[in-house]
Amino acid sequence: MIEARRLHILRAVADHRTVTAAAAALYLTPSAVSQQLTALEQETGHRLVERGAKGVRLTPAGEILLSHTNAVLAQLERAEAELAAYRSGAAGTVTVASFATGIALVVAPAVGRLAVTAPGIRIRVQDAEGDLSLIPMVLDRQVDVAVAVEYRGAPSADDPRLTHVPLYAEPFDAVVPVTHRLADAAEVPLAGLAKDPWIGPYPGNPCHDVVVLACESAGFQPRLEHSSDDFRAVVALASADAGVALVPRSALIGMDLTGVVVRPVDGVAPTRRVFAAVRRGAAEHPLIRPVLDALGEAAQG
């Protein structure tokens, strides 16, 4: 009989590529993870992982088991959801991780709605600004819901491990110093900023990918001279004439824009697409469903 917790460990090793990283994500020791993998291999009668200089990879047998693992773990999530619904006690804690602007725009309003519509649900919020670990946090059961940004290499909407719930999309605006040659333009063509120094998020922040892809589509690679995941710092540097930037429109709300001008991008504007993610099978859990509904309502305004 294969133990479900060992399947969870197998998936974590496949996701994180090393035993050490998987152990850290699961709050286990590397030796405990190795022991569970060995036990799983004994249960299945197959070698499931191969260790090398660059980490761990699944064997063909491991890949077969992983494909079933995603289905099994999703079904267990559904079972937990139905049992929780049977208890009909919609009271408990749901942990939501999000980037800072997402917290302000949808998570905080959702918390306010839930205080009225589902007072038995307690929300714990974690700020994961600029961090691509949001989705692994869900898969590793560190959080229940992630409010995340689509990025290059992100799990697709049909990923068997996750359920995606689209929330909102917003354009990026060009932020340039008031002294910039395009400051008086009604719309800023990105190609016109090709020779400027740029200010933007660090690689690893989904917004970094949006900026780079937009510039590549305009025919150039942005010369990123200054990096910050805090858009207030990005705007402050632009106001000091340190460079130009693309900033999500909602991140500019309530910000001191002295020294800069904000203009729409000419043509098709780069867009930040935001979604909520939960483990496949968990969306109908009586604690999680109201949270997803409240996030969707907040996103609609």
Positive for salt bridge (Lys or Arg N to Asp or Glu O under 4.0 Å) with Asp144, one of Arg279, Arg289, Arg122: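 Exactly one pass, corresponding to Arg279.
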
Electrostatic pair Glu77-Arg161, nearest N-O below 4.0 angstrom: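 Answer for the salt bridge query: no.
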
Note: Glu41-Arg47 ion pair, threshold 4.0 Å (strictly below):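 Salt bridge between Glu41 and Arg47, a charged N being under 4.0 Å from a carboxylate O: no.
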
I need the minimum non-hydrogen distance between [X] and [Y], along with the two atoms involved.
X: Phe275; Y: Ala277; answer: CE1-CB, 3.8 Å
X: Arg51; Y: Ser34; answer: NH2-OG, 3.7 Å
X: Phe172; Y: Val211; answer: CE2-CG2, 4.3 Å
X: Asp140; Y: His16; answer: OD2-NE2, 2.7 Å
X: Ala174; Y: Val188; answer: CB-CB, 3.9 Å
X: Ile199; Y: Ala238; answer: CD1-N, 3.5 Å

Are side-chain N/O atoms of [X] and [Y] paired as donor and acceptor at under 3.5 Å?
X: Thr29; Y: Ser31; value: yes
X: His180; Y: Asp196; value: yes
X: Thr93; Y: Arg124; value: no
X: Asp158; Y: His164; value: no

Could you tell me whether the side chain of [Y] reaches within less than 4.5 Å of the side chain of [X], counting heavy atoms only?
X: Val265; Y: Glu187; result: no
X: Val147; Y: Leu295; result: yes
X: Pro177; Y: Val244; result: yes
X: Ile103; Y: Thr101; result: no
X: Thr117; Y: Pro290; result: no
X: Ile121; Y: Val94; result: yes

Arg11 and Asn70: CA distance, side-chain angles, deciding distance, side-chain contact (heavy atoms from CB on, under 4.5 Å) verdict: CA-CA 8 Å; Arg11 186 164 78 177; Asn70 292 327; 3.1 Å; yes

Path from Phe220 to Val176 over hydrophobic side-chain contacts below 4.5 Å: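 Shared cluster, yes.
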
Hphob cluster co-occupancy, Leu139 + Leu66, side-chain heavy atoms under 4.5 angstrom: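 Per the 4.5 Å side-chain linkage, Leu139 and Leu66 are not co-clustered.
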
Results of ring-ring contact (aromatic ring centres under 6.0 Å, His included) for Tyr168 - residues two or more places apart only: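 Once residues adjacent in sequence are excluded, Tyr168 has no partner under the ring-ring contact (aromatic ring centres under 6.0 Å, His included) criterion.
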
Candidate pair Val278 and Leu162, rule side-chain contact (heavy atoms from CB on, under 4.5 Å), full reasoning: CA-CA 6 Å; Val278 298; Leu162 296 165; over 6 Å; no

Side chain to side chain donor-acceptor pair (under 3.5 Å) partner of Glu170, the single match among Arg272, Arg273, Arg249: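 Among Arg272, Arg273, Arg249, the one meeting side chain to side chain donor-acceptor pair (under 3.5 Å) with Glu170 is Arg272.
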
Could you state the interatomic distance from [atom1] ([X]) to [atom2] ([Y]), rounded to the nearest 0.5 Å?
X: Gln126; Y: Leu134; atom1: CD; atom2: CG; value: 9.5 Å
X: Arg6; Y: Thr38; atom1: CZ; atom2: OG1; value: 10.0 Å
X: Leu40; Y: Arg5; atom1: CG; atom2: CZ; value: 10.5 Å
X: Leu224; Y: Cys215; atom1: CG; atom2: SG; value: 7.5 Å
X: Tyr202; Y: Cys207; atom1: OH; atom2: SG; value: 15.0 Å
X: Leu287; Y: Leu292; atom1: CG; atom2: CG; value: 11.5 Å

Donor-acceptor contact present, side-chain [X] to main-chain [Y], <3.5 Å:
X: Arg280; Y: Asp159; answer: yes
X: Trp198; Y: Leu193; answer: yes
X: His208; Y: Pro201; answer: yes
X: Thr271; Y: Ala269; answer: yes
X: His46; Y: Leu48; answer: no

Is the number of heavy atoms from other residues, nucleotides or ligands within 6.0 Å of [atom1] ([X]) greater than 12?
X: Arg17; atom1: CZ; answer: no
X: Arg57; atom1: CZ; answer: no
X: Arg78; atom1: CZ; answer: yes

Verdict with supporting geometry, Leu246 and Val210, side-chain contact (heavy atoms from CB on, under 4.5 Å): CA-CA 9 Å; Leu246 289 174; Val210 175; over 6 Å; no

Test side-chain contact (heavy atoms from CB on, under 4.5 Å) applied to Leu10 and Ile2, Leu65, Asp15, the passing residue: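 Going through Ile2, Leu65, Asp15 one by one, the side-chain contact (heavy atoms from CB on, under 4.5 Å) with Leu10 is satisfied by Leu65 alone.
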
For residues 253-263, run the donor-acceptor check on the side chains, cut-off 3.5 Å, and write out each pair with its distance to 0.1 Å, sequence neighbours left out.
from, atom 1, to, atom 2, distance (Å)
Asp256, OD1, Thr258, N, 3.0
Asp256, OD1, Thr258, OG1, 2.7
Arg263, NE, Ala183, O, 3.4
Arg263, NE, Ala185, O, 2.9
Arg263, NH2, Ala183, O, 3.0

Step-by-step side-chain contact (heavy atoms from CB on, under 4.5 Å) determination, Leu26 to Ile9: CA-CA 8 Å; Leu26 298 174; Ile9 288 172; 3.9 Å; yes

